[in-house]
Chemist: 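Okay, handing you the structure first.
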Amino acid sequence: MAREELDPFKISQTQLDAAADLMSLDKQAHALLREPKQTVVANIPVKMRDGTTKVFTGFRVLYNDARGPGKGGIRFHPQENLDTVKALSAWMTWKCSLADIPLGGAKGGVICDTKSMNLQELENLSRGYMRAFSRFVGPDRDVPAPDVYTTPQIMAWMLDEYEKLEGHHAPAMITGKPVELSGSEGRYDSTAMGGMYVLRETAKMAKMDLARSKIAIQGFGNAGKFAFEIATKLAKAKVVAITDSAGGIYDPKGLDYEKLSRVKEETGSVDNYKGGSKISNEELFTLDVDVLIPAAIENQITKHNADKINASVVLELANGPVTPEADKILFERGIIDMPDFLVNSGGVIVSYFEWVQNRDGYYWTEDDVYKKLDAIVTRSFGSVVKTQKEYKAKGKKITPREAAYIIAVDRVAKAMKARGWY
Ligand code: GLU
C-alpha cells in the first residue's frame, strides 16, 4: 500500500487544490492561497523552577489577512512543528471566511510539554511568547486565542505582557480571555456549542432523531468535554464512549457526564471511570454509533480505519482529524462527514464577538452570544448544503468539505482581487 500523506500542511494544500479545480479558481489567486503570507519562528528563553534557563521554540504564522486581521489560537504541544502550524493557519483562514466574519487566518504554537511544567514556568513561557511575538500581533494585525493545552489564564498573562510592552490597554489583541478580564460570556464552551448547532442541522437533514442517537467522542479536552455535556443535556443524546490520550471507556447504556468529569479531574484520565468496559482509540472509531466526534488532534481517521467506521455521521470537532484519502472512503460509503472548519467554527465566532465587545467596551449576555452564534453557524451550514446542491445540478457530487472550501476560498479570492493583490 502506498504511504499516506500525513503532513498537515500538504493535506491543507491538497484540499485547496481540489476546491480550486472544482471552482476553476484563478491561477494567481490559487498560488497566493497555497502558501502563508508570513511565518515567524522564535527561540524563547524561559526561567525554570530549578533556576536554569530553557529555550523553547515558538511559531506564529499569518496565513492570509485579505478579509481582516489574522485570527487563530496558540497551541502548546510536545509534537508541535511549523508545518502543523501552517496548516492550522490555513484552516483558520477558511474557517473565518466560511463564517463570513471580517477576520483572516493565523495560528501559533510552542513545542513544549505543559504536563511537566508548573504554573510559574507556564506563566514565564506565556509572557516570553508574547515578548517574542508582540510586534507581529495586535487588535488590527493578528489576534491570538487558546487552542490545544492553552487556557484563558494563559491568554490573560499574554494580554498583560502585551499591554506592559505597549503601555496601554488593548483587550482586543487576544481572545478567549477569562470573563473577569474582558472575555466574552459563552466563549468557554462555544466550540462545542457551534458543533452541536451543526449536528442539529445535520440530524434534521438526515432525518435522525438526536434524542435516540448514540454518540462516541474522541477527546475530553475543551471541545470534547463540552460536546459531551451539551449532547447529553441539551440534545438528550446518549454518549456511549469516550477516549483521551491515556485510554477510554465504553458503555452501551450511556456514560454519566458528572461522574466522568469528576474522574478526569481527580485522576487525569477518563480511563479510571467505574462502569462499562475499557476501549482503545482504535476501537472507539469502529463502534456501532450514530455520530462519531473526533475532538482531539489531526490525522485520526485515515485510510487505515475509514472503512471500519460504523457511524452515520462524523462530526469533526478537532482540526484536521480526517485525511483526504479517508475523506474519499467515507464519501463513497455514504457517511456524512461534516468538516472541521464548519463544525468547530463556534470558537472563533465567539472570539470575534469578544473582539467586537472589547472594541466597543460594551458586553453582551450569554443568551445574546448563543443566539448570534446559532444564527451564523446555521447560515454557514445552509450555504454548504446549497453549494452541494448547485454542484449536483451541474452533475458533480461534492462533499460538504469541498462545498465549504469553495465558499471560503471564493470570498478570500474576491477580497484579494479587490485589494489588487492579483
Ligand atoms: N483555536 C480555535 C480554533 O481552532 C479558536 C481560534 C480563535 O478563537 O481565534 O478555531
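Atoms within each ligand, like the ligands themselves, are counted from 1 in listed order.
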Chemist: Report yes or no: does Arg333 contribute a side-chain atom to a donor-acceptor pair with the main-chain N or O of Ile309 at less than 3.5 Å?
Modeler: yes
Chemist: Are side-chain N/O atoms of Lys71 and Thr175 paired as donor and acceptor at under 3.5 Å?
Modeler: yes
Chemist: Under 6.0 Å from the six-membered ring centre of Phe9 and within 45° of its axis: does the NZ or CZ of Lys86 meet both?
Modeler: yes
Chemist: Do we get Lys107 above Tyr63's six-membered ring, with its NZ or CZ under 6.0 Å from the centre and within 45° of the axis?
Modeler: no
Chemist: Can Arg75 and Thr150 be counted as having a side-chain donor-acceptor contact under 3.5 angstrom?
Modeler: no
Chemist: Could you go through ligand 1 and note, for every N or O atom, any protein N or O atom closer than 3.5 angstrom, writing the atom names and distance to 0.1 Å, or 'none'?
Modeler:
residue: ligand 1; atom: 1 (N); partner: Pro146; partner atom: O; Å: 2.9
residue: ligand 1; atom: 1 (N); partner: Asp147; partner atom: OD1; Å: 2.6
residue: ligand 1; atom: 4 (O); partner: Lys95; partner atom: NZ; Å: 3.0
residue: ligand 1; atom: 4 (O); partner: Lys107; partner atom: NZ; Å: 3.1
residue: ligand 1; atom: 4 (O); partner: Asp147; partner atom: OD1; Å: 3.3
residue: ligand 1; atom: 4 (O); partner: Asn319; partner atom: ND2; Å: 3.2
residue: ligand 1; atom: 8 (O); partner: Arg187; partner atom: NH2; Å: 3.1
residue: ligand 1; atom: 8 (O); partner: Ser351; partner atom: OG; Å: 2.5
residue: ligand 1; atom: 9 (O); partner: Lys71; partner atom: NZ; Å: 2.8
residue: ligand 1; atom: 10 (O); partner: Lys95; partner atom: NZ; Å: 2.6

Chemist: For residues Phe226 and Tyr188, establish whether the separation of their ring centroids is below 6.0 Å.
Modeler: yes
